Amino acid sequence: MLIFFLSVYISKKKLIEWDSKMKELQKSLNSALEKCASERQGRIRAQQALRKAVVAQPQAKSENLDIPSYPMAPIGIVQSCFSTRNGTPRQPLLVPLARACLVFDSTRVPPASLEGLEEYSHCWIIYVFHLNTDLEKLWKHPSKSKFKAKVRVPRLKGGRMGVFATRSPHRPCPIGLTVAKVEAVQGNMLLLSGVDLVDGTPVLDIKPYLPYCDSIEGAVVPNWVMLDSMLSVASVGFSDDFSSSLLDCWKSVEKKSLYSSPDELKSLVKQALSWDIRSVSQRNRPHNNLLKIGSGDASDNASDLDDSQDGEASGELIYHLILDGMDFSYKIDGNGNVMVKEVHLSSAISFRNNKKRCNFLMWKDKIK
């Protein structure tokens, strides 16, 4: 009998010690995660500051003088419903209600240049990934640029692939190519839908989409590209308080919005969140390891940063989607069910302003 009680005592003591060690390890892990996030935020902000400095000095000389350069200037700037990179679709036409107005520089592009474009249903857009945090590499010698040949792919759960086998924005030349639906042309403005462009994107050129040669029958892609379910969510729902908070915000943004009603905006949110817009690191982070971090500068949100999330005392992760000047907060459970909680006016500094704002309502009759 004594041996029995002694074994029970020893077992209980070991369990207590094991539990204590587990708590210490969890505490150490949380501390390490917080330190890592803090260092990452500092590094990202430093990169963003450097990016702004580089852009402010367009006459910077390249160190690679042996290769001819081809100076180009944007012909127009995009005014988009997507205020930040986080939430902007990864591919075009995934969000049909995603609208943008391309405002051309009238000193470089006379309105006559757009004549005939309205007869096409879609157009190609060539643009610059202007929000990349590594734009300073463009002015460095290739041996010093530390160009990454492989990038992390969302569909591969963070697995790496050669950059030219992906559509990653981090490329030797940060130039993007997308397609959008042509809704209307008026003066020096082009209204588009189904866009995957963030507000303020500089555009280098546009070309009409030609189905007979641009659509390739029998085109082949790798199997991992076809795994659409990897990035889709199970459902998108709205809280009981969402509609009232949306109506409150609508009073302030109605005259500047690209949308005609709160219901249309709600449909946009549902379409945008039908795809998992979180970064690879956000999706891989377990829900029970809550890491509370600052929201940072919303105007510099990025799809590969954690600025788009914060924590609550309840222990749940809250993510943010900035659309049309509004901040939509939502959560997503382990089964991929999205719940949009509320919306309030965003503090993000948008490229749009009252003088240049492209108002969708003036073209509403043309688009019907």
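Below, all heavy atoms of this structure are taken into account, side chains as well, without hydrogens, waters or symmetry copies. No experiment lies behind these values; they were computed from the predicted model shown.
Not one N or O on the side chain of N335 forms a donor-acceptor pair closer than 3.5 Å with the backbone of A234. Using a distance-only test at 3.5 Å, with no hydrogens or angles considered, a donor-acceptor pair links the side chain of S274 to the main chain of K270. Of the possible polar contacts, none joining the S346 side chain to the D327 backbone as a donor-acceptor pair under 3.5 Å is found. Side-chain N or O atoms of E342 include none that pairs as donor or acceptor with a backbone N or O of S245 at under 3.5 Å. When atom types are taken as modelled, the side chain of R108 and the backbone of I75 share no donor-acceptor pair closer than 3.5 angstrom.
L197 is connected to L114 through a chain of hydrophobic side-chain contacts under 4.5 Å among Ile, Leu, Val, Met, Phe, Trp and Tyr, so both are in one cluster. Under the 4.5 Å side-chain heavy-atom criterion for ILVMFWY residues, a single connected hydrophobic cluster contains both V253 and L321. No continuous path of hydrophobic side-chain contacts links L93 to L190 [ILVMFWY only; heavy atoms under 4.5 Å]. Under the 4.5 Å side-chain heavy-atom criterion for Ile, Leu, Val, Met, Phe, Trp and Tyr, L156 and V221 are members of the same hydrophobic cluster. Side-chain heavy atoms closer than 4.5 Å link hydrophobic residues (I, L, V, M, F, W, Y) into clusters, and following such links, possibly through other members, connects L258 to L345.
The number of heavy atoms from other shown groups lying within 6.0 Å of OH (Y209) is above 12. At most 12 heavy atoms of other shown residues, nucleotides or ligands fall within 6.0 angstrom of atom CZ in R167.
Donor-acceptor pairing under 3.5 Å is recorded for the side chains of S235 and N337.
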message: T178 vs D196, test: side-chain hydrogen bond (donor to acceptor under 3.5 Å, both in side chains). Steps then yes/no.
response: CA-CA 8 Å; T178 189; D196 59 348; 2.6 Å; yes
- request: Begin with the C-alpha distance, continue with both residues' side-chain angles, and end with the deciding distance and a verdict on side chain to side chain contact (heavy atoms under 4.5 Å, CB included) for R160 and V151.
  value: CA-CA 5 Å; R160 296 184 181 275; V151 295; 5.5 Å; no
query: When you look at N188 and V109, which way does the side chain to side chain contact (heavy atoms under 4.5 Å, CB included) test go after all the steps?
result: CA-CA 8 Å; N188 69 329; V109 181; over 6 Å; no
task: Could you give me the CA-CA distance, side-chain angles and deciding distance for I277 and L273, then say whether side chain to side chain contact (heavy atoms under 4.5 Å, CB included) is met?
output: CA-CA 7 Å; I277 64 175; L273 292 180; 3.8 Å; yes
query: Can V163 and H170 be said to form a side chain to side chain contact (heavy atoms under 4.5 Å, CB included), step by step?
result: CA-CA 8 Å; V163 65; H170 302 288; 5.8 Å; no
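Nearest heavy-atom pair across M161 and W224 is CE-NE1, 3.6 Å. Of all heavy-atom pairs spanning P208 and D214, the tightest one is O-OD2, 4.1 Å. Summarising the geometry of I322 relative to S83, their closest heavy-atom pair is CG2-CB, 3.3 Å, with the distance given to 0.1 Å. Residues S257 and W250 approach most closely at OG-CZ3, 3.7 Å, considering heavy atoms. The two residues P96 and S193 have their closest heavy-atom pair at O-CB, 3.7 Å. In this structure, F82 and V195 approach most closely via the heavy-atom pair CE1-O, 3.7 Å.
Contact annotation: the side chain of T201 never approaches that of S80 to less than 4.5 Å [non-hydrogen atoms, C-beta and beyond]. Contact annotation: the side chain of T166 never approaches that of K150 to less than 4.5 Å [non-hydrogen atoms, C-beta and beyond]. D199 is listed as a side-chain neighbour of Q79, based on a closest heavy-atom distance under 4.5 Å. When side chains are defined from C-beta on, D276 counts as touching V233, because their heavy atoms get closer than 4.5 Å. In this structure the side chain of V203 never reaches within 4.5 angstrom of the side chain of F104, judged on heavy atoms.
Below 30°, between 30° and 60°, or above 60°: for Y127 and F129 the angle between ring planes is above 60°, a perpendicular geometry.
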